[in-house]
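Worksheet: the structure to be examined is printed underneath.
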Amino acid sequence: MLDIRLIRDNPQAVKAALARVGDTTSVDSILELDARRRTLVGEIEAMRSERNAVSKAVPSIKDPAEKQAKISEMRALGDRLALLEKEGAEADRVFETAMLSIPNMPSEDTPDGADDSANVVAGEFGTRPEFAFQPKTHWELGESTGLIDFERGTKISGTRFYILKGELARLQRALISFMLDVHTREHGFIEVYPPFMVKEHCLYGTGQLPKFGENLYHDAEEDFWFVPTAEVPVTNMYRDEILDNATLPLVHVAYTACFRREKMSAGKDVRGIKRGHQFDKVEMVAFVRPEESSAMLMRLMESAEHILDRLGLPWRRLQICAGDLSFTAAAKYDLEVWAAGCGEWLEVSSISNFRDFQARRAGIRFRRNAGDKPEFVHTLNGSGLALPRIMIAILENYQTGDGRIRVPEALAPWMGGTSVIGPG
RNA sequence: GGAAAGGUGACCGAGUGGCCGAAGGUGCUUGCUUGGAAAGCAAGUGUAGGGCAACCUACCGGGGGUUCGAAUCCCCCCCUUUCCGCCA
């Protein structure tokens, strides 16, 4: 959520910023709603003030007739007030919903561009593997080795579900432990294991609601929503809190399964394990002082890149242009890994600086010094990393040609020394 | 799922219709004291909205109701704790 004061005081600047993400109408309409709301607030508060003053005086009025007259007067005022309050509440509700529907403003250093074709490749790292044979796709390898059971996955849960088996299931488990261990022991992040289901208000806090509910799963009978990313529960851990300045910057790392309806992308990426309704991810979530968020974005990005390097995977860094930013992000980088079998760059991490956009929604603040007014923190997050596509990259890049797959050296301690998986 | 007891400021904890934005304590900040520190003493210490200065308004789990007036009374809901049941 943007700061309404900023919009009021600098409407043209906000308008210009929002135009970069393709939003050209929000500012004018929000200013109208704000003006209307404030007019009502003024009227309502004046009436309340009068009522409070008179009510306070009522017990000391001696003359019974005069006392009764005042009470009647206040009763009438109360009736008028009730109507106005109803109107005010509705104006507030409309205003709030509109505020929650305005996207974040892009950072100054975010490049212009209308869509993903304008994203900037900001570096390519590692070496793409070369093969003396035609490399197979991961779905071919998965089936030929028996390490992925697509048929039974769809049998029990439908399309876009699969079952990892044997050494590949173990590989994913090893990857999760490896990532968590590197992030906690080498990068100094604090591990948390959050709930995979949250209350609705959490989705408002991080920005999935009210606009993107169609991508979420939720329980029909109770207020439980399946998390689409660990960002949701971990960011909301501190909702409505005033954090101690000494705890900042605070970085958590969490493993969760993620659940997404992926309604929008039906028909795309249907082969293999690239895009499912359920996938695993290790996520980094940071809470920092405003002046620290740009540096933290870099730190999170480097932490994710470190994992890719350790796994010996070829990858590239993309700076996301304004038009391709997600709703909540002010700045964003994607990391993509090269998958030799399907010959594609696969997004394995998205690192975003939300600045105070989520913090304002979720009420996450800190106090610089005792006695100071609370300020909103800046929040950031980044995948570190998404598991299925890392699995794809390992399967396809580390295939040996005889139907087997080498295990990246860095994973050896987490794989009990197993260096090759597959039949034979 | 059943029963009971509770949800008040950073924390503990008073408060059953107006004198309560809320006693008292703890914590925190500042000052005094001290060679320094602890202890002690004194003062200060919620958030948000509107005017943006004085000031006004709202908030005592959430929502609704009664009333001239509600933290205090009524209704609904949520949550927590304990016991029972069920389970991993």
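Keep in mind it's a predicted model, so treat the numbers as computed, not measured. Protein chains get the first letters and strands the later ones, always in sequence-line order, with residue 1 at the start of each.
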Between C56(B) and G7(B) - C1' atom distance, rounded Å | 30 Å
Round to the nearest Å and state the distance from Glu241(A) atom CD to U47(B) atom C1'.
-> 15 Å
Salt bridge flag under 4.0 Å for residues Arg368(A) and Glu291(A) | yes
With rounding to whole Å, what would you report as the distance between C75(B) and A39(B) at their P atoms?
-> 49 Å
Start at the 5' end of RNA chain B and walk down; is the nucleotide closest to Gly42(A) or to Glu50(A) reached first?
-> Gly42(A)
Length of the line joining Asp240(A):CG and A48(B):C1', which is rounded to integer Å = 12 Å
Give the ring-plane orientation class for Phe189(A) versus His183(A), where under 30° counts as parallel, over 60° as perpendicular and anything between as tilted.
-> parallel
Side chain to side chain, His218(A) and Leu203(A), heavy atoms closer than 4.5 Å | no
Taking only Lys NZ, Arg NE, NH1 and NH2, and the carboxylate oxygens of Asp or Glu, determine whether Arg36(A) and Glu87(A) approach each other closer than 4.0 Å.
-> yes
Atom CG of Asn245(A) to atom P of A10(B): distance rounded to whole Å?
-> 17 Å
Please check the phosphate of A48(B) (OP1 and OP2 only) for any side-chain N or O of Lys373(A) closer than 4.0 Å.
-> yes
Taking atom C1' in both G40(B) and U34(B), compute the distance separating them and give it to the nearest angstrom.
-> 11 Å
When the ring planes of Phe196(A) and Tyr255(A) are compared, do they come out parallel, tilted or perpendicular, using 30° and 60° as the limits?
-> perpendicular
Say you pick atom P in C11(B) and the same atom in G61(B); how far apart are they, in whole Å?
-> 13 Å
Are Arg37(A) and G49(B) close enough that a side-chain N or O sits under 4.0 Å from OP1 or OP2?
-> no
Quick one, which residues of residues 65-95 of chain A touch RNA chain B with a heavy atom under 4.0 Å?
-> Ile71(A), Met74(A), Arg75(A)
Specify whether Phe226(A) and Phe259(A) have parallel, tilted or perpendicular ring planes, treating 30° as the upper limit for parallel and 60° as the lower limit for perpendicular.
-> perpendicular
Any Lys/Arg nitrogen of Arg299(A) or Glu302(A) sitting under 4.0 Å from an Asp/Glu carboxylate oxygen of the other?
-> no
Grab the CZ-P distance between Arg36(A) and G50(B) for me, whole Å please.
-> 17 Å
Using only side-chain N and O atoms of Ser55(A), determine if any of them is under 4.0 Å from OP1 or OP2 of G18(B).
-> no
What interatomic distance, in whole Å, is found between C1' of C60(B) and the corresponding atom of G21(B)?
-> 9 Å
Separation of C19(B) atom C1' from Lys56(A) atom NZ, nearest Å, is 8 Å
Separation of U67(B) atom P from Arg51(A) atom CZ, nearest Å, is 13 Å
Of the candidates G50(B), C56(B), G18(B), the side chain of Val41(A) sits closest to G50(B)
Euclidean distance for P, G13(B) against G17(B) (whole angstrom) = 23 Å
At under 4.0 Å between heavy atoms, what does Val54(A) touch on the DNA or RNA strands: base, sugar-phosphate, or nothing?
-> nothing
Write down the distance separating the C1' atoms in C83(B) and U66(B), rounded off to the nearest Å.
-> 36 Å
Heavy-atom closest pair, residues Ile30(A) and Ala98(A) = CD1-CB, 3.4 Å
Has Arg365(A) got a side-chain N or O lying under 4.0 Å from the OP1 or OP2 atom of G46(B)?
-> no
What stems, by residue range, does RNA chain B take part in, given at least 3 consecutive Watson-Crick or G-U pairs under 3.5 Å?
-> B:1-7 with B:78-84, B:10-12 with B:24-26, B:27-32 with B:40-45, B:46-50 with B:55-59, B:61-65 with B:73-77
Which value, in whole Å, describes the distance between the C1' atoms of nucleotides A10(B) and U81(B)?
-> 22 Å
Pair Arg289(A)-Glu375(A), salt bridge (Lys or Arg N to Asp or Glu O under 4.0 Å): steps then yes or no | CA-CA 9 Å; Arg289(A) 299 175 192 91; Glu375(A) 299 171 53; over 6 Å; no
Of Ile242(A) and Arg38(A), whose closest RNA chain B nucleotide lies nearer the 5' terminus?
-> Ile242(A)
Tell me what Asp223(A) touches on the nucleic acid: a base, only sugar-phosphate, or nothing, going by heavy atoms under 4.0 Å.
-> nothing
Does a side-chain N or O from Asn52(A) land closer than 4.0 Å to OP1 or OP2 of A58(B), or not?
-> yes
Tightest non-hydrogen contact, residues Asp356(A) and His378(A), listed as N-CD2, 3.5 Å
cation_pi(Lys199(A), Phe224(A)) dist<6.0 Å, angle<=45 = yes
Side-chain N,O (Arg48(A)) to OP1/OP2 (G50(B)) below 4.0 Å = no
Protein-nucleotide distance (Met99(A), atom CE; G49(B), atom P), rounded to Å | 11 Å
